[in-house]
Number of protein chains: 2
Amino acid sequence: MASTSEDELIETIVGFFRETDGLFSATSRPLGLTPQQAQMLCFTQHLQPSFGELAGLLHCDKTNITGLVDRLEKRGLVIRQPDAQDRRMTRVHLTPEGEELTKRFQHAFNSALTSRLRDWTAADRKDLLRLLRSATTALRG
Amino acid sequence: MASTSEDELIETIVGFFRETDGLFSATSRPLGLTPQQAQMLCFTQHLQPSFGELAGLLHCDKTNITGLVDRLEKRGLVIRQPDAQDRRMTRVHLTPEGEELTKRFQHAFNSALTSRLRDWTAADRKDLLRLLRSATTALRG
DNA sequence: TATTGTTATACTCTATAACTATA
DNA sequence: TATAGTTATAGAGTATAACAATA
């Protein structure tokens with residue numbers, strides 16, 4: 001990384017970020033979801049996160065989560081569930097409809113990704129996934 | 001990739017995407033820029049892109065570029081420059097102030113990134129950059 | 001007192017449709 | 001006719017500040 005000039009490094013990351021964003025957008029909008037909604041559904045699938053946890057995961061202010069959940073709840077994709085231990089907290093659960101749509105999004109995204117990386121070696125694909133996983137932890141920490 | 005379930009794969013990519021987004025946001029907002037504005041400035045630095053090219057790079061509708069450029073132009077960071085060959089086209093150039101702010105953003109982003117990846121091996125950092133570059137091309141194609 | 005979620009507000013981002021100017 | 005950029009519009013995402021309920 002020291003051998004790369006700063007602007008080149010940033011351009012690489014910005015470029016990858018925007019292409020990923022494009023893929024999220026192209027995959028989620030035909031399903032009637034914004035990219036942010038699709039991402040929130042993915043996070044909600046296994047976690048049943050609180051509003052504060054979602055704000056942390058999505059890196060946005062907690063006030064945004066209210067509206068985001070409102071719109072998904074109005075469509076019957078998620079429900080608010082009061083936390084049993086701490087009555088200040090509300091947890092977000094997927095409904096069966098939300099679970100189904102989340103899986104459809106994941107399948108569509110996976111198909112698009114697989115098709116675009118079809119020329120990659122198995123080793124490179126494995127490396128990419130390993131490094132992304134590791135980088136996510138590093139950036140989060 | 002075949003050995004990973006779809007939801008795990010998507011969660012990895014969504015996770016990395018959101019962490020990158022968080023880093024963009026944390027780096028750009030103290031400079032008075034939205035993440036999208038910072039990203040546009042990075043693309044504009046070497047390309048002098050047309051509005052249509054920017055729409056392609058940012059994966060958004062061309063109508064969004066008008067407002068994005070309007071706001072940056074009002075702050076004196078970019079200027080519209082008519083294309084010499086095709087008078088329908090307008091190209092976006094950085095002003096000296098825009099160039100300076102873009103470099104400040106790049107430096108801040110690079111510092112944050114370097115500090116978070118400080119425990120990584122040089123080989124892993126090099127691999128990450130190589131794979132991101134390659135993946136960007138694959139996703140774009 | 002501190003934390004969780006909400007409301008009110010203002011601004012930005014985004015897509016769709018209809019338009020003007022140029023090719 | 002087709003393309004590049006603009007305008008109008010509506011909806012969604014975002015941050016800040018002030019608030020109510022709970023811990």
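Just so we're on the same page: letters track the sequence lines, and every chain starts at 1. Everything numeric in this text was worked out from a predicted model, so none of it was measured.
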Original post:
Does the pair Asp70(B)/Arg80(B) count as a salt bridge with the N-to-O cut at 4.0 Å?
Top reply: yes

Original post:
Any chain of hydrophobic side-chain contacts (each under 4.5 Å) joining Ile79(A) to Leu94(A)?
Top reply: no

Subject >> Length of the CG-C1' vector between Asp70(A) and dA8(C), whole Å >> reply: 14 Å

Original post:
Between Glu99(B) and Gln45(B), does any side-chain donor sit less than 3.5 Å from a side-chain acceptor?
Top reply: yes

**OP:** Report yes if a side-chain nitrogen or oxygen of Arg71(B) is closer than 4.0 Å to either non-bridging phosphate oxygen (OP1 or OP2) of dC11(C); otherwise report no.
**Re:** no

Subject >> Spacing of Asp21(A) atom CG relative to dA15(C) atom C1', expressed in whole Å >> reply: 14 Å

Original post:
Linking I/L/V/M/F/W/Y whenever their side-chain heavy atoms sit closer than 4.5 Å, directly or via other members, would Ile65(B) and Met89(B) fall into one cluster?
Top reply: no

Subject >> 4.5 Å side-chain heavy-atom contact, Leu72(A) and Leu41(A) >> reply: yes

**OP:** Look at all strands and tell whether Ile65(B) reaches a base, only sugar-phosphate, or nothing, counting heavy atoms closer than 4.0 Å.
**Re:** nothing

Original post:
Could you give the CZ-to-P distance, from Arg29(B) to dC11(C), as a whole number of Å?
Top reply: 14 Å

Subject >> Any Asp83(B) side-chain heavy atom under 4.5 Å of Ser50(B) side chain >> reply: no

Subject >> Test applied, side-chain hydrogen bond (donor to acceptor under 3.5 Å, both in side chains); reference residue, Arg91(A); option that passes from Gln48(A), Gln81(A), Glu53(A) >> reply: Glu53(A)

**OP:** Measure from CD on Gln37(B) to P on dT14(C) and round the result to the nearest Å.
**Re:** 11 Å

Subject >> Nearest-angstrom distance from the residue atom CG of Leu33(A) to C1' of dT14(C) >> reply: 15 Å

Subject >> Close side-chain approach of Ser134(B) and Trp120(A), heavy atoms under 4.5 Å >> reply: yes

Subject >> Distance test, side-chain N/O of Thr66(A) to OP1/OP2 of dT6(C), below 4.0 Å >> reply: yes

Subject >> Integer-rounded Å distance: dC11(C) P and Asp61(A) CG >> reply: 18 Å

Subject >> Residues in contact with DNA chain C, drawn from residues 73-90 of chain A - heavy-atom cutoff 4.0 Å >> reply: Arg80(A), Arg88(A), Met89(A), Thr90(A)

Subject >> Atom-pair distance (CG on Asn64(A); C1' on dG5(C)), nearest Å >> reply: 13 Å

**OP:** Please find the earliest and latest nucleotides of DNA chain D, in the 5' to 3' direction, that have an atom within less than 4.0 Å of any heavy atom of chain B.
**Re:** dA2(D) to dA15(D)

Original post:
Between Arg18(A) and Leu57(B), is there a donor-acceptor pair closer than 3.5 Å when you use the side chain of the first and the backbone of the second?
Top reply: no

**OP:** For Ser50(B), report the nucleic acid contact type (base, sugar-phosphate, nothing); a contact means any heavy atom under 4.0 Å.
**Re:** sugar-phosphate

